[in-house]
Amino acid sequence: MITHQRERLARCSYQMHRDQLESHHNRLSASHDHSLRSFHALLAGMIDGTDRSLHGKWAWGSGTGWGKSTGLCSFMRGLGSLYMLSQPGRPWNHHGHVSAIITAARIESLYELRDQMTRADKGNSAFRFPVPAHRIAVLHSDWTGKYEKSEDGKDAPIVLVAHNKLKHLAKRPTKDQEEFLYYHDQPRDLCIVDEAFSENEVGYLDQGLLCNALRTCLLNAKEHPKAHDFLLLIDTLEPLYRALKAENLRQDKLTVLGHQEGMIPSPALSQDNISTLEGLVKRVSPLSQVDKTLLCKFLQMIPSPLRLIRGNQSGVVTIINTMPPCLTNRIELNASFEVGMLSALDPTIKNADDHFPMLQILKTEYGLEGLAGIIDYSDMHITHLQRGGGKSTMKGHLEDLAKEKGSTKEILDFYIKAIKATPEDEGVLVLTYKEDGLDYVEQLQRVFVQAGIDINRMIVDTEGTAQPRIAFTTYGNHVGTNKFRYCSTGILAGVQQRHKADIAGSMCGARKSIASQIDFAEVDLVHQAVAASDAQQAIGRLQCRLVKNGKALPARIYVVHLDSSERTFKTRLTKAFSKAGWTDQTSENRLKKSQTYQLMLKVGEYLKAHDQGTPIKTGVIKEAISKGTSTYKKAIGSGPFSKGVSGYKRDIGSDPFSNQVWKDAIRLFLKNNSEWTRRGQALIKAIDKAGREVEEEAVA
């Protein structure tokens, strides 16, 4: 490709992209328009065979609603309109023809992309140049029967393929399947990844469950009447079991795992060896089916380097390559690139915000941090209940429902109030976990019906289509779909969370070494960031994915999640949705058990005993409470039974409290006691016994 072709392609595909966005009555802001130009300039540079300076691995982190899918389809249309896609009857020209692979998580998304590329409309300049259908192949391995299997057209210039098919090919490459990765015997010029796709997948098994399965299997194999038949299995698994137990003990209380620490020596096994061992595992009796499945997964991991990561959630991990090595020139269109932090740890990926020169204008001229700041989310509001909402916690709450326990009521009331606060003619999306023995959707529906909510009611969206007012979906189905874009309210009934050992393994994968150093404090941060990434993807299904004149449509989000003390979840999520409002709602049950709440009660007790209608300095109150604390500790610590006293540490007076806890306690006291107010560094009763404002305050 020569320079003028590259520039012409970038202008042509940019104009199609812009025209399509404006066909939906959207007027682009100057920063949004500039980012479109930058996007097509980058793609055109990536396929330039003469100047290869922009070749490599890129991440494009624009937010939901920016137009990433529209942009990639416009680029393919631009290639077709300039005769850069090979055509039957025309000689092949490597420098003039382009081939591409586009991969997405959902098969449904592949067909949506194909339809958008091939759609023709002479009245709309954006659709004036459709890509002929025979130049696009859709490849997938769908076992549900919903989509017709498609293996033809591997030699088409544009191939659409599902993530899972690429992953399977990377794990078990075959010459036959690799054909579509090449075009005219050369690697395809460009790979476009729609949403996140990790170059390395982590194999993860819970350490406790695995060791239990190994112990049970070994005991039963040794005690089997034909124990000699299982010698190969015993000789393979027993050293691994002993190594795991010893390493687990060694890592106790470590906060950092150094380079190479935790690596488990594993035998060199061929696929035939593994198949033989799997057959032996299935013959061990008695051994539960769950344990057999777990051990078979472990055997499949053994050929790769294994590492035990203890932390506060222990697991055995390995790294498995999931991206075919020939796809080195690719761009990842990932709204969560920086939010989730994991992808950003990969040193081989260049973030377009930081490394593509055209995008620097967003920072220097428009005052934005990057692509994520282009869309204005000021009409979005997030209400966050600071309480555990992980899968096991959520399951416990729903199971407690039958027992009418109060701990459940607070969370369920939070969801119910969110639905009732939504206007009757607006849609609500409830996102929860997939069934795992408990049907979370069914249980939530039952709760809502009991609260008087009609879960079968239909409404009409802006396009005149009848839609359920309350829609339900589960994690795993929360990406790559726009069928919930009519919903103005989103309820995240829990936030999907991965085990921390799994996260630590993924961090090693991103850094290209299973043996890299692991700091568990950093793991905690990334753990919350990955949860925020999933929450971002879920929120992006709502009507806020529709942008008018640079502003996302209004949305109300209700989420239950226990954030870290550093508020990492909140920080990462607000980074994704610029200018969105945020309300932190503290769990009353958790609050009453907190140090802050107990300290607030002591403040109230002191003021009740010392109120004389004059200001009381907070420092005096703090000193008096601290003095009482010291006296209390000394009294119980000096007696003959002091070493046996175990309950006193739970009392607020027994533990020193930080300045932040003290400040939070004062704020909480003022919030719950409206008759008191702050004056400088002192507290004063603002209302007398007759209910009249203090004269001095009234005059002020």
Side-chain angles (χ1 to χ4, degrees), residues 163-164 166-173 196-214 217 233 236-248 250-251 254 257-278 281 290-325 342-343 345-348 498-520 522-523 526-527 530:
H163 286 351
N164 282 341
L166 277 186
K167 289 179 181 179
H168 181 77
L169 184 58
K171 293 175 186 177
R172 295 181 176 83
F197 186 112
S198 175
E199 190 169 317
N200 292 291
E201 187 178 81
V202 175
Y204 166 80
L205 293 174
D206 181 275
Q207 181 265 341
L209 296 178
L210 175 60
C211 282
N212 286 337
L214 285 169
C217 179
L233 182 65
T236 303
L237 295 185
E238 190 160 38
L240 288 167
Y241 172 66
R242 294 184 184 280
L244 286 171
K245 294 291 287 185
E247 181 60 24
N248 183 58
R250 193 195 70 79
Q251 288 187 27
L254 287 180
L257 205 58
H259 294 279
Q260 299 292 335
E261 280 194 292
M263 299 302 296
I264 304 296
S266 55
L269 297 179
S270 67
Q271 197 57 48
D272 288 341
N273 295 147
I274 292 172
S275 298
T276 300
L277 291 168
E278 285 179 335
V281 166
V290 172
D291 284 347
K292 289 179 181 179
T293 302
L294 191 65
L295 292 174
C296 287
K297 287 182 179 179
F298 181 56
L299 289 169
Q300 289 293 339
M301 290 169 59
I302 287 176
S304 303
L306 299 175
R307 190 176 192 183
L308 176 66
I309 299 174
R310 173 76 183 263
N312 60 359
Q313 289 179 328
S314 302
V316 179
V317 300
T318 189
I319 295 176
I320 304 165
N321 182 46
T322 55
M323 178 65 76
L342 268 179
S343 297
L345 293 175
D346 187 340
T348 65
R498 290 165 57 184
H499 282 275
K500 290 185 180 178
D502 185 10
I503 293 291
S506 295
M507 292 168 66
C508 294
R511 289 170 171 152
K512 310 301 181 190
S513 172
I514 186 65
S516 62
Q517 179 172 300
I518 297 170
D519 185 332
F520 292 115
E522 185 185 13
V523 172
V526 176
H527 178 254
V530 171

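Residues passing the side-chain hydrogen bond (donor to acceptor under 3.5 Å, both in side chains) test with Gln517: none are found, sequence neighbours excluded. Qualifying salt bridge (charged side-chain N to carboxylate O under 4.0 Å, His left out) partners for Asp291, counting only residues two or more places apart in sequence or in other chains: none. Applying the side-chain hydrogen bond (donor to acceptor under 3.5 Å, both in side chains) test to Glu201 and every residue at least two apart in sequence or in another chain returns Lys171. For Arg310, the salt bridge (charged side-chain N to carboxylate O under 4.0 Å, His left out) test picks out Asp252, with sequence neighbours left out. Scanning for ring pair (Phe, Tyr, Trp, His ring centres under 6.0 Å) contacts around Tyr204 gives His499, with sequence neighbours left out. Applying the ring pair (Phe, Tyr, Trp, His ring centres under 6.0 Å) criterion to Phe197, with sequence neighbours excluded, gives His163. By the side-chain contact (heavy atoms from CB on, under 4.5 Å) test, Asn273 pairs with Leu269, Ser270, sequence neighbours left out. Annotation: side-chain hydrogen bond (donor to acceptor under 3.5 Å, both in side chains) contacts of Ser343 (sequence neighbours excluded): none. The side-chain contact (heavy atoms from CB on, under 4.5 Å) search around Gln260 returns Met263, Ala515, not counting sequence neighbours. Under the side-chain hydrogen bond (donor to acceptor under 3.5 Å, both in side chains) criterion, Lys512 pairs with Glu199, Asp346, not counting sequence neighbours. A search for salt bridge (charged side-chain N to carboxylate O under 4.0 Å, His left out) contacts involving Lys292 returns nothing, not counting sequence neighbours. By the salt bridge (charged side-chain N to carboxylate O under 4.0 Å, His left out) test, Glu522 pairs with Arg511, sequence neighbours left out.
Note that CG of Leu214 and NZ of Lys245 are 10.0 Å apart. Values are rounded to the nearest 0.5 Å. In this structure, Ser314 OG and Leu244 CG are separated by 10.5 Å, a value rounded to the nearest 0.5 Å. Once rounded to the nearest 0.5 Å, the distance linking CG of Leu240 with CZ of Arg242 reads 11.5 Å.
Of all the heavy atoms in Met301 and Val316, the pair that sits closest is CE-O, 3.7 Å. In this structure, Ile514 and Cys508 approach most closely via the heavy-atom pair O-SG, 3.7 Å. Nearest heavy atoms, Asn200 versus Gly509: ND2-O, 3.2 Å. The minimum heavy-atom distance linking Cys217 with Leu295 is given by the pair CB-CD1, 3.6 Å. Closest approach of Leu308 to Asn248, counting heavy atoms only: CD2-N, 3.4 Å. Between Ala504 and Ile309, the shortest heavy-atom contact is CB-CD1, 3.8 Å.
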**Item:** side-chain contact (heavy atoms from CB on, under 4.5 Å) assessment of Gln251 paired with Leu257
**Value:** CA-CA 8 Å; Gln251 288 187 27; Leu257 205 58; 3.7 Å; yes
**Request:** Evaluate the side-chain contact (heavy atoms from CB on, under 4.5 Å) criterion for residues Arg307 and Ile264: first the C-alpha distance (whole Å), next the side-chain angles of each, then the deciding distance (0.1 Å), finally the verdict.
**Result:** CA-CA 5 Å; Arg307 190 176 192 183; Ile264 304 296; 6.0 Å; no
**Request:** Under the side-chain contact (heavy atoms from CB on, under 4.5 Å) rule, what do Gln300 and Ile320 come out as? Steps first, then yes or no, please.
**Result:** CA-CA 11 Å; Gln300 289 293 339; Ile320 304 165; over 6 Å; no
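For Arg250, the CZ atom sits in a packed shell: over 12 heavy atoms of surrounding residues, nucleotides or ligands are nearer than 6.0 Å.
When side chains are defined from C-beta on, Ile274 counts as touching Pro303, because their heavy atoms get closer than 4.5 Å.
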